[in-house]
Amino acid sequence: MGLATRGGLRPWVMAPGSLSRRLAALGQGFEVQVLRQGLARLQAAERAALGARGPSLVREVLLHVGGEPVVWARSAVLLRATRGPWKALKGLGSRPLAHLLYGDPRIQRSALCPLRLPRVGATRRGLARSWQQAGQGLPSAGLQWSRSSVFTRGGAALRVMEVFAPALVGQPPGAHRIPGKPLPSFWVQTLGA
């Protein structure tokens with residue numbers, strides 16, 4: 001299953017805007033499961049994206065649709081930025097990160113960078129650890145496509161990487177509310193729906 005295949009993951013990997021909003025628009029029940037949030041060492045790609053080293057805050061979550069995990073996400077920011085432009089990240093809890101990122105005109109996003117995950121490495125190990133921690137057993141071999149982007153606010157960068165499960169193949173990324181399906185309460189707040 002390649003990124004470019006018809007009915008593959010390309011629509012999800014390349015979809016602009018909020019991934020959480022698109023998942024919620026599927027109308028099958030959307031949840032964020034926080035697996036870890038705290039001090040952690042940055043991976044090489046994170047150090048390069050943030051342009052610096054230092055103590056860092058890392059958040060790892062599983063995004064569920066209809067009770068099934070469909071995305072593993074890892075965000076990283078230098079700890080000093082959580083005392084400034086990204087301080088709201090600490091109190092996010094189980095709300096999606098998108099709650100902070102969209103609707104604030106001061107936040108700019110880089111281009112999306114799709115990437116096929118290597119068979120080994122820090123990202124693959126983190127994905128496997130998180131998948132098992134969430135009680136999902138070993139991750140599917142189909143968990144091989146990811147994307148990353150960098151959000152900047154007040155000169156401070158936040159890197160977000162998302163890995164997509166094969167369960168999304170054939171599901172078009174929702175962009176709008178499905179008729180007859182209410183938006184989750186966090187979107188009603190954010191979107192003013």
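Since the model is a prediction, treat every value here as computed from it, not as a measurement.
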Legend entry - Shortest non-hydrogen contact from P114 toward V13: CB-CG1, 3.5 Å

Legend entry - Closest non-hydrogen atom pair, V32 against S94: CB-O, 3.2 Å

Inset, instruction - Answer yes if L19 and V169 sit in the same cluster of Ile, Leu, Val, Met, Phe, Trp and Tyr residues linked by side chain heavy atoms under 4.5 Å apart, and no otherwise. - result: yes

Inset, instruction - Using the test side chain to side chain contact (heavy atoms under 4.5 Å, CB included), find all partners of S148 that sit at least two apart in sequence or belong to another chain. - result: C113, R159, M161

Legend entry - L9 to A165 - nearest heavy-atom pair and separation: CD2-O, 3.8 Å

Legend entry - Which residues share a side chain to side chain donor-acceptor pair (under 3.5 Å) with E162, sequence neighbours left out: R147

Legend entry - Backbone N/O of G155 and side chain of T152: donor-acceptor pair under 3.5 Å: no

Legend entry - 4.5 Å side-chain heavy-atom contact, D104 and R153: yes

Legend entry - Donor-acceptor contact present, side-chain W145 to main-chain L115, <3.5 Å: no

Inset, instruction - Check V150 against A157 and note the closest heavy-atom contact, atom names and distance. - result: CG1-CB, 3.7 Å

Inset, instruction - Answer with yes or no whether the hydrophobic clustering places V70 together with L112; edges join I, L, V, M, F, W, Y residues whose side-chain heavy atoms lie under 4.5 Å apart. - result: no

Legend entry - Heavy-atom pair with the smallest gap, counting every atom of S146 and L117: OG-CD2, 3.8 Å

Inset, instruction - Scan residues 80-89 for pairs that pass salt bridge (Lys or Arg N to Asp or Glu O under 4.0 Å), counting only residues two or more places apart or in two chains. - result: none

Inset, instruction - For P173 and P11, work out which heavy atoms get closest and say how close. - result: CG-O, 3.4 Å

Inset, instruction - Go through the steps to decide whether L101 and L158 satisfy the test side-chain contact (heavy atoms from CB on, under 4.5 Å), and finish with yes or no. - result: CA-CA 10 Å; L101 301 177; L158 167 71; 3.9 Å; yes

Inset, instruction - Using modelled atom types only, decide if a donor and an acceptor are shared between the side chain of W12 and the backbone of L168 within a distance under 3.5 Å. - result: yes

Inset, instruction - Describe, in one word, how the ring planes of F151 and Y102 are oriented to each other, choosing from parallel (under 30°), tilted (30 to 60°) and perpendicular (over 60°). - result: perpendicular

Inset, instruction - Please answer whether the main-chain N or O of P16 pairs with a side-chain N or O of R22 as donor and acceptor at a distance below 3.5 Å. - result: yes

Legend entry - Shared hydrophobic cluster, V65 / F164 (ILVMFWY, side-chain heavy atoms < 4.5 Å): yes

Inset, instruction - Check for a donor-acceptor pair, side chain of S149 on one end and backbone N or O of S110 on the other, with a separation under 3.5 Å. - result: no

Legend entry - Sidechain-backbone polar pair: R95 side chain, L92 backbone, donor-acceptor under 3.5 Å: yes

Only distances under 3.5 Å count here; give the side-chain donor-acceptor pairs of residues 35-49 to other protein atoms, sequence neighbours excluded, each with its distance to 0.1 Å.
unit_1: R36; atom_1: NH2; unit_2: E60; atom_2: OE2; d: 3.2
unit_1: Q37; atom_1: OE1; unit_2: R59; atom_2: NH1; d: 3.0
unit_1: Q37; atom_1: NE2; unit_2: L89; atom_2: O; d: 3.2
unit_1: Q43; atom_1: OE1; unit_2: T123; atom_2: OG1; d: 3.0
unit_1: E46; atom_1: OE1; unit_2: Q43; atom_2: N; d: 2.8
unit_1: E46; atom_1: OE1; unit_2: R74; atom_2: NH2; d: 3.0
unit_1: E46; atom_1: OE2; unit_2: R74; atom_2: NE; d: 2.5
unit_1: R47; atom_1: NH1; unit_2: L42; atom_2: O; d: 2.8

